[in-house]
Novice: 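Below you will find the structure I want to go over with you.
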Amino acid sequence: MIRHRFSAEDFHRMAEAGILGEDDRVELIRGEVVELSPVGKRHMAALKRLMNALFPLQQAKKALLQVQDPLRLFPDTEPQPDLALLAYRDDFYRERVPEAKDALLVVEVAETSLDHDLQVKLPLYAQAGIPEVWVVDLVREKVHVFRKPQGEGYGEAQALEDGEVSVLGLKVPVKEVLP
Amino acid sequence: MTRHKISLEEFHRMVEAGVFPEDLRLELVEGDLVEMSPIGKRHAAKVAKLTALFGPLVPQKAILFVQSPLVVGESELYPDLALLKPRPDFYEEELPQGRDALLVVEVAESSLRYDLQVKLPLYAQAGVPEVWVVDLEGKRVLVHRKPEGGGYREAEALGPGARLSFHGVEIPAEELL
């Protein structure tokens with residue numbers, strides 16, 4: 001039994017035709033349409049804190065912030081990371097879906113999804129060459145920082161409970177993103 | 001990771017929106033889109049023979065659907081052959097459903113397990129009264145009758161020498177093996 005796999009193009013055609021409705025929170029992972037689980041209050045708060053902390057980069061036109069929108073990694077894979085920092089563009093990506101090469105940083109907030117984020121999504125981000133990924137672990141109150149993508153993993157990994165993380169010269173205290 | 005289950009309605013809208021290439025043969029099996037494998041010459045010939053044998057029943061006693069859609073519950077399968085209750089519009093207005101079927105025949109060359117374990121329970125649940133699975137490798141025809149829940153109460157395996165009969169059409173089993 002061979003399950004049919006969709007391409008990202010199919011996926012968008014379906015969305016445009018209104019087939020995957022607005023109520024469907026879904027992402028495309030290796031050709032499969034996967035449902036995103038609903039997020040809790042802490043998850044939402046963490047994301048708002050991150051937006052707040054990273055916003056100066058957008059104001060300085062160093063990057064664009066994208067929240068829970070699609071990021072195309074491969075022709076058959078288009079997850080919706082909680083947050084992505086994209087290379088700044090004056091047209092705000094009006095003409096195309098942002099791709100891996102546009103991403104400067106991807107952040108996932110994990111309350112119940114830590115295994116999925118580390119085991120399924122992180123390898124995809126590494127393969128696609130996303131230079132840096134943060135996984136905010138709300139349960140253990142840590143921020144995992146991954147750098148230097150190599151194959152299906154990252155050459156550099158840190159788990160921070162305190163201190164600062166920095167991106168594009170901006171320093172963000174770890175405590176500031178943990179609600 | 002929860003795979004999104006595709007509903008019948010979504011499937012039909014995908015087809016209309018041109019999401020799939022025309023030559024892609026897909027079945028919707030309980031929310032999953034499954035690609036159908038290409039058919040070999042032995043399989044194709046048996047389907048052609050069955051079509052010819054059941055020809056005399058058409059259109060007074062039955063309508064013959066060959067590798068065409070049959071809606072069973074929330075799934076849409078493409079049985080090799082389905083004999084359906086006669087209808088003047090040949091089901092142009094709506095796709096036939098399990099309750100419209102009189103007999104379904106699946107020819108299994110490499111798909112026996114899939115036919116028996118995945119498709120047969122769906123036919124039973126949808127109330128398809130009789131299913132024949134022609135097992136080319138095992139040289140037998142597995143006849144299932146009296147659907148009950150997800151299975152069939154009556155099952156018999158007919159080998160060479162036995163006769164199959166349906167609405168007056170008599171078929172020696174070896175014709176299909």
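Convention: sequence-line order gives letters A, B, ...; per-chain numbering from 1. Side chains are part of it too, since the values below use all heavy atoms of this structure and drop only hydrogens, waters and symmetry mates.
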Novice: Transitively linked via ILVMFWY side-chain contacts under 4.5 Å: B:L116 with B:V104?
Specialist: yes
Novice: Go through the atoms of A:F6 and report whether side chain, backbone, both or neither lie under 4.5 Å from a heavy atom of chain B.
Specialist: side chain
Novice: Any chance CZ of A:R96 has more than 12 other-residue heavy atoms, nucleotides or ligands included, within less than 6.0 Å?
Specialist: yes
Novice: If you look at every heavy atom in B:E35 and A:H4, which pair is closest and at what distance?
Specialist: OE2-ND1, 2.8 Å
Novice: Using the side chain to side chain contact (heavy atoms under 4.5 Å, CB included) rule, pick out the option among A:L28, A:L36, A:L20 that qualifies with B:H4.
Specialist: A:L20
Novice: If every non-hydrogen atom of B:V19 is compared with every non-hydrogen atom of A:D10, which pair is closest and at what distance?
Specialist: O-OD1, 3.4 Å
Novice: How many angstroms lie between NE2 in A:H116 and OG1 in B:T2, if you round to the nearest 0.5 Å?
Specialist: 9.0 Å
Novice: Decide if atom CD of B:E22 counts as having more than 12 heavy atoms of other residues, nucleotides or ligands within a radius under 6.0 Å.
Specialist: no
Novice: Closer than 3.5 angstrom, by distance alone: can the side chain of A:R13 be matched with the main-chain N or O of B:G18 as a donor-acceptor pair?
Specialist: yes
Novice: Would you say B:E170 has more than 12 foreign heavy atoms packed within less than 6.0 Å of its CD?
Specialist: yes
Novice: Report which part of A:E35 has an atom under 4.5 Å of a heavy atom belonging to chain B: side chain, backbone, both, or neither.
Specialist: both
Novice: Kindly indicate whether the side chain of A:R3, heavy atoms from C-beta on, has any atom under 4.5 Å from the side chain of B:R3.
Specialist: yes
Novice: Flag yes if more than 12 heavy atoms outside B:R87 fall under 6.0 Å of its CZ atom; otherwise flag no.
Specialist: yes
Novice: Which value, rounded to the nearest 0.5 Å, describes the distance between B:E10 atom CD and A:M14 atom CE?
Specialist: 8.5 Å
Novice: Checking heavy atoms, do the side chain of A:V34, its backbone, both or neither come under 4.5 Å from chain B?
Specialist: both
Novice: Give, for atom CG of B:L26 and atom CD1 of A:I2, the distance between the pair rounded to the nearest 0.5 Å.
Specialist: 11.0 Å
Novice: If Ile, Leu, Val, Met, Phe, Trp and Tyr residues are connected whenever their side-chain heavy atoms lie under 4.5 Å apart, and connections chain through other members, are A:L65 and A:L47 in the same group?
Specialist: yes
Novice: According to a 4.5 Å side-chain heavy-atom criterion applied to Ile, Leu, Val, Met, Phe, Trp and Tyr, with indirect links allowed, do A:L138 and A:V133 form part of one hydrophobic cluster?
Specialist: no
Novice: Hydrophobic clusters here meaning ILVMFWY residues chained together by side-chain heavy-atom distances under 4.5 Å, can you tell me if A:L64 and A:L83 are in one?
Specialist: no
